[in-house]
Visitor: 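So that we are looking at the same thing, I have put the structure below in structure tokens.
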Amino acid sequence: IAGALDALSIAAFVCDRSGQVLARSPLTETLLSGQGPLRLRDQRLTTRSPSDAERLTRAMAAAASGRSPPMSGLLLSSGGGAPPVLLEMALLPAQAHGFSLQARVLVVARMGRPDAGTIAALLQSAFAVTGAEAQIGAALLEGRSPEQIAAARNATLNTVRTQIKTLYAKLGVQSRSEFWALLRSMT
């Protein structure tokens with residue numbers, strides 16, 4: 001797998017459920033060096049931030065157990081004004097010829113500000129919101145007003161406002177500023 005990832009110029013890790021790195025592509029060096037958000041500690045993938053490290057551990061365990069969506073994501077702040085890093089995780093299929101029964105997780109790192117589709121997918125996987133609620137959340141994060149969202153979705157303003165209220169309830173926030181703070185902390 002590592003050779004294929006090298007050929008595609010993708011920063012990726014293959015880890016076991018505990019985060020032990022079994023293989024990685026050369027492009028991971030920049031993420032692991034100096035100011036990058038990721039670290040290797042005792043050959044286990046972790047982050048510079050303790051709270052992000054806990055989130056990463058939980059996300060990898062969920063991916064390894066098959067409890068998360070087929071491709072789940074986690075946004076990490078790079079700090080210092082650098083763009084965030086999106087980690088996408090997927091359970092790798094068992095090798096028919098392999099002797100290990102341990103689950104392996106592919107962790108692909110993407111750098112830069114995520115697009116609206118990625119934000120919507122993260123909202124769906126992290127908070128179990130509907131597709132429509134996730135798209136509206138992504139539009140709100142882009143700075144669109146409920147009126148603009150309603151016009152773009154060809155929906156009534158009332159429908160969009162109801163979906164926003166439902167989205168806020170699922171995320172445990174009360175206002176647009178709390179919603180922004182929550183999502184900005186993820187992106």
Visitor: Taking the side chain as every heavy atom from C-beta outward, state whether V21 and V107 have any pair of such atoms under 4.5 Å apart.
Guide: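 With C-beta onward as the side chain, the pair stays apart.
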
Visitor: Find the distance between CG (L87) and CE (M60) and round it off to the nearest 0.5 Å.
Guide: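 The CE atom of M60 is 8.5 Å from CG of L87, to the nearest 0.5 Å.
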
Visitor: Do the side chains of R161 and E147 get close enough for a salt bridge, i.e. N-O under 4.0 angstrom?
Guide: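 So R161 pairs with E147 through a salt bridge.
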
Visitor: Do F179 and L167 have side chains that approach each other closer than 4.5 Å (heavy atoms only, starting at C-beta)?
Guide: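 When only atoms from C-beta onward are counted, L167 and F179 do touch, with a gap below 4.5 Å.
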
Visitor: What are the two closest heavy atoms between A64 and L91, and how far apart are they?
Guide: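 In terms of heavy atoms, the two residues are closest at O-CD1, 3.6 Å.
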
Visitor: Using a 4.5 Å cut-off on heavy atoms from C-beta on, say whether the side chain of Q163 contacts that of T130.
Guide: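 T130 does not reach Q163 side chain to side chain.
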
Visitor: Strictly distance-based, threshold 3.5 Å: is any side-chain N or O of E178 a donor or acceptor partner for the main-chain N or O of Q174?
Guide: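 Judged by distance alone, yes, a pair lies under 3.5 Å.
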
Visitor: Measuring from L123:CG to I136:CD1, what's the distance to the nearest 0.5 Å?
Guide: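 Going from the CG atom of L123 to the CD1 atom of I136 covers 11.0 Å.
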
Visitor: Just to verify, what does S33 make a side-chain hydrogen bond (donor to acceptor under 3.5 Å, both in side chains) with, not counting sequence neighbours?
Guide: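 side-chain hydrogen bond (donor to acceptor under 3.5 Å, both in side chains) check on S33 returns nothing, list empty.
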
Visitor: Are the side chain of D16 and the backbone of S18 linked by a donor-acceptor contact shorter than 3.5 Å?
Guide: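 The answer is yes, because a donor-acceptor pair under 3.5 Å joins these two groups.
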
Visitor: How far does OG1 of T57 sit from CG of D52, to the nearest 0.5 angstrom?
Guide: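 It is 10.5 Å, given to the nearest 0.5 Å.
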
Visitor: Do T47 side-chain atoms and P37 backbone N/O form a donor-acceptor pair below 3.5 Å?
Guide: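 Checked: no pair found.
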
Visitor: To the nearest 0.5 Å, what is the distance between CG on L45 and CD on Q20?
Guide: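 One finds 11.5 Å between CG of L45 and CD of Q20.
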
Visitor: How far apart are the closest heavy atoms of A134 and A120, and which atoms are they?
Guide: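 Nearest heavy atoms, A134 then A120: CB-O, 3.2 Å.
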
Visitor: For the residue pair A11 and S25, what are the closest heavy atoms and their distance?
Guide: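 Minimum heavy-atom separation between A11 and S25: CA-OG, 3.4 Å.
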
Visitor: Just to verify, what does R39 make a side-chain hydrogen bond (donor to acceptor under 3.5 Å, both in side chains) with, not counting sequence neighbours?
Guide: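 Result, side-chain hydrogen bond (donor to acceptor under 3.5 Å, both in side chains) vs R39: none returned.
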
Visitor: For C15 and L22, which heavy atoms make the closest approach, and how far apart are they?
Guide: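 Heavy atoms of C15 and L22 come nearest at C-CD1, 4.1 Å.
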
Visitor: To the closest 0.5 Å, what do you measure between OG (S49) and CZ (R55)?
Guide: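 Result: 8.0 Å between the selected atoms.
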
Visitor: Hey, what do you get for OG1 (T46) to CD (E54), rounding to the nearest 0.5 Å?
Guide: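 Those atoms lie 10.5 Å apart.
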
Visitor: Do T28 and L38 have side chains that approach each other closer than 4.5 Å (heavy atoms only, starting at C-beta)?
Guide: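 When only atoms from C-beta onward are counted, L38 and T28 do not touch, as no gap falls below 4.5 Å.
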
Visitor: Contact between L40 and R24 at the side-chain level, heavy atoms closer than 4.5 Å - yes or no?
Guide: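 Side chain of L40 against side chain of R24, heavy atoms only: contact under 4.5 Å found.
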
Visitor: Using side-chain contact (heavy atoms from CB on, under 4.5 Å) as the criterion, list what pairs up with R144, not counting sequence neighbours.
Guide: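 If we apply the side-chain contact (heavy atoms from CB on, under 4.5 Å) test to R144, skipping adjacent residues, the hits are A139, E142, Q148, I149.
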
